[in-house]
2 protein chains.
Amino acid sequence: MSEKSKFASGKLTMQDIARAAGVSPMTVSNCFRYPDRVREKTRMAVMKVAVELGYVPNLSAGLLAAGTSRVIGAVLPSIRNSSFFGYVAGLRQETTERGHELITMIAETPEEELAAAQTLLGLRVAGIALVAGPHSVDLRSFLELSGTPVAESWGGENAVGKAVGYDVGAASRVLTRHLIEQGHRQIGFVQVSGGGGLRYSMRLPAFRQEMFAAGLSDSLVLTVRAADGFASGRRILDEFLALQPKLDAVLCPTDVVAAGAVFECQRRGLSVPGDIAISGWGDYDIGRELSPTLTTISPFSHEIGVNAARLLIDGDTGTAGNLTTPFSLELRESA
Amino acid sequence: MSEKSKFASGKLTMQDIARAAGVSPMTVSNCFRYPDRVREKTRMAVMKVAVELGYVPNLSAGLLAAGTSRVIGAVLPSIRNSSFFGYVAGLRQETTERGHELITMIAETPEEELAAAQTLLGLRVAGIALVAGPHSVDLRSFLELSGTPVAESWGGENAVGKAVGYDVGAASRVLTRHLIEQGHRQIGFVQVSGGGGLRYSMRLPAFRQEMFAAGLSDSLVLTVRAADGFASGRRILDEFLALQPKLDAVLCPTDVVAAGAVFECQRRGLSVPGDIAISGWGDYDIGRELSPTLTTISPFSHEIGVNAARLLIDGDTGTAGNLTTPFSLELRESA
DNA sequence: ACAAAAATTTGTAGCGCTACAATATTGCTA
DNA sequence: TAGCAATATTGTAGCGCTACAAATTTTTGT
């Protein structure tokens with residue numbers, strides 16, 4: 001071992017372990033990689049030395065030599081609002097069960113997402129899990145050229161790689177219809193822009209269809225950015241009420257925005273749903289504990305994560321690939 | 001290039017790019033690694049080919065050959081409650097500014113944390129950012145043997161590697177004193193257990209000191225788990241009121257638990273802070289928007305992240321290492 | 001025009017591990 | 001006891017890149 005290496009765990013390589021255990025480096029390698037090829041007595045001797053010396057195999061060297069990786073990379077737009085908690089939990093569960101590892105990178109803009117994808121490709125991950133765009137214009141061709149399996153969740157028809165998600169338009173219709181059937185006539189719709197915002201884009205057309213079919217105005221529309229928090233709920237409620245004092249319902253893009261709107265109603269002395277009904281989306285924890293509890297769309301994010309990981313790990317099967325998951329309308333107190 | 005490799009980006013190596021651009025593989029390497037050693041005309045020719053073919057250098061091979069890495073690994077106990085949003089944003093900012101990359105892994109138990117640390121060591125990351133324990137009993141020696149720089153945030157005196165964080169006991173004293181000065185006499189304290197829970201442990205002794213000094217009872221103590229959400233706020237409020245109907249304040253470990261307790265007060269028709277004052281911790285987004293807004297401790301998590309990354313990247317400087325960051329008491333409506 | 005210095009390009013050996021093949025050891029049967 | 005088959009261990013070449021050194025080309029100065 002030369003002076004050059006800074007990498008050996010504690011400056012150790014398999015050669016050091018082999019010497020200390022009185023076997024060849026190949027046997028050390030087999031102990032870690034194919035333990036059932038090594039007799040137990042030999043293996044115990046090797047592992048004892050490895051543990052004592054704190055040796056960890058160099059994954060980079062192994063990965064380079066073997067030509068395969070057991071690392072899945074996920075790119076998330078934000079961890080600000082718990083939006084991806086269930087999804088990441090699902091990714092983790094499936095990757096762990098399949099003997100893989102999950103690493104995540106945060107990328108808030110399309111440019112950061114492209115850079116993160118490049119890092120993951122440089123690490124030669126076994127697959128990349130994306131969340132709906134907007135993506136950099138180069139991302140799709142870049143990832144396709146790489147040949148690395150890609151699964152995009154919530155991206156719908158324009159997903160990069162294989163698509164996982166539910167029919168967002170159908171969910172939007174269900175929720176809009178519910179508000180109409182509750183007797184609401186002045187319904188505000190909140191759409192989303194910015195990094196990671198594309199997954200919301202199919203909701204507005206569906207909302208418009210249902211409003212049109214009911215003979216109601218679809219013009220009360222405001223925009224928040226995907227990474228905005230509770231404060232955006234306050235802002236849109238203020239703006240809607242300035243636009244239409246008779247506002248009687250708001251369809252929010254996430255439970256966080258909805259909670260923010262509920263807080264503002266409380267400050268204004270408006271009762272929910274008595275004066276204004278407020279619906280959320282995403283079935284976050286807060287929706288179940290808020291007073292009033294939130295009516296919301298449950299997207300089964302955990303299942304989305306499990307299935308995205310499954311598509312990535314089974315990526316060679318070449319089946320149709322796209323995978324549709326369920327959603328449900330969760331009726332609670334707020335709408 | 002043999003048939004064995006599955007790794008080349010689009011099956012490409014520097015040799016392919018070199019052939020297409022009419023230069024040597026070493027020149028391709030220099031274009032990516034030391035661009036100012038290559039004349040511009042040559043470099044443009046090489047980069048044009050690389051972009052057209054979608055080539056990304058194999059980081060594993062580069063890392064192995066160079067003996068250094070520009071990847072920092074962070075291990076987080078959970079992304080459920082936005083607790084680490086600011087911290088991760090700070091890590092990201094500093095690593096990006098220093099030309100490094102940040103990858104994160106989620107580890108909910110001490111055993112998972114040890115496994116995540118082993119993966120990061122296998123990837124030969126340049127440094128590992130941890131959050132306070134409880135850690136597996138092997139983690140400390142394991143990481144020390146590896147020689148990889150480690151920074152633990154919120155771990156206090158028992159941190160693995162270099163410690164970053166604020167004086168949690170001092171913050172707890174400030175907050176307890178504030179509640180006492182507001183006239184509260186039956187104060188409930190919520191402590192935390194479970195994965196990632198050790199960072200809360202220094203708060204209870206400080207609370208007890210202040211209560212003792214004020215001649216008040218310090219026996220109203222309940223426990224939530226670190227990964228619990230809003231529902232734990234409801235639970236502890238119910239339990240405190242069963243223990244002590246004259247309860248007039250609750251000191252919660254996070255803004256999430258506090259918000260959950262506020263929601264339960266609303267359901268019970270108790271006014272906050274009129275009937276019961278509720279303080280949070282962590283200065284989460286929700287604390288600023290909740291009605292009433294939450295009195296909380298701001299831990300400057302972003303700064304903690306920046307400084308942890310700085311310690312890791314400057315890891316060779318061998319200075320005292322531990323770094324104390326500020327905190328502040330944010331007085332708002334709830335207490 | 002020539003020589004020296006500077007800039008650019010290329011060659012070599014090896015980073016730590018492993019797929020595949022070769023060799024050595026062990027156990028069983030006749 | 002010898003031979004054969006099965007099991008365990010080891011050897012070889014190379015994965016893709018790069019630190020360092022050597023070779024080549026270009027630029028500068030006289």
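Reminder, nothing fancy here: chain letters follow the sequence lines and each chain counts from 1.
Atom-to-atom, CG of Asn58(A) to C1' of dT18(C) comes out at 13 Å; the value is rounded to the nearest Å. Put simply, NZ on Lys41(A) is 14 Å from C1' on dT9(D), counting in whole angstrom units. Across the protein-nucleic acid pair, Leu64(B) atom CG and dC15(D) atom C1' stand 9 Å apart, rounded to whole Å. When the P atom of dT18(D) is taken as reference, atom CD of Gln15(B) falls 13 Å away, rounded to whole Å. Atoms CZ (Arg37(A)) and C1' (dT9(D)) sit 11 Å apart, rounded to a whole Å. For the pair Leu63(A) CG and dC15(C) P, the interatomic distance rounds to 19 Å; values are reported in whole Å. The interatomic distance linking Phe32(B) (CZ) with dT18(D) (P) rounds to 10 Å, in whole Å. One can place CZ of Arg124(B) at 11 Å from C1' of dC15(C), the figure rounded to the nearest angstrom.
For the OP1/OP2 pair of dT18(D) and a distance below 4.0 Å, the side-chain nitrogens and oxygens of Ser29(B) include at least one atom meeting the criterion. For Thr42(B), a side-chain nitrogen or oxygen approaches OP1 or OP2 of dT9(C) to under 4.0 Å. Tyr34(B) has a side-chain polar atom (N or O) that falls below the 4.0 Å cut-off from OP1 or OP2 of dA19(D). The side chain of Thr13(A) contributes no N or O atom lying less than 4.0 Å from OP1 or OP2 of dG16(C). The phosphate of dT9(C) has neither OP1 nor OP2 within less than 4.0 Å of any side-chain N or O from Thr27(B).
Here the side chain of Ala65(B) is nearest to one of dA19(C), dG16(D), dC17(C), namely dG16(D).
Toward the 5′ end of DNA chain C lies the nearest nucleotide of Met26(B), the other residue of the pair Met26(B) and Ala61(B) mapping further downstream. Place Met14(B) and Glu40(A) on DNA chain D by their nearest nucleotides, and Glu40(A) ends up nearer the 5' end. Between Asp36(A) and Pro25(A), it is Asp36(A) whose nearest contact on DNA chain D lies nearer the 5' terminus.
Within the 4.0 angstrom heavy-atom criterion, only backbone atoms of the sugar-phosphate kind lie near Arg39(A); the bases stay farther away. Within the 4.0 angstrom heavy-atom criterion, only backbone atoms of the sugar-phosphate kind lie near Arg33(A); the bases stay farther away.
Atoms CD1 and CG, from Ile17(B) and Leu12(B) in turn, are 5.0 Å apart once rounded to the nearest 0.5 Å. Separating the CZ atom in Arg98(B) from the CD1 atom in Ile72(B) is a distance of 9.5 Å, to the nearest 0.5 Å. The CG atom of Leu311(B) lies 5.5 Å from the CG atom of Leu323(B); values are rounded to the nearest 0.5 Å. Atom OH of residue Tyr87(A) and atom CD1 of residue Ile79(B) lie 10.5 Å apart, to the nearest 0.5 angstrom.
In this model, no donor atom of one side chain and acceptor atom of the other lie less than 3.5 Å apart for Glu303(B) and Thr325(B).
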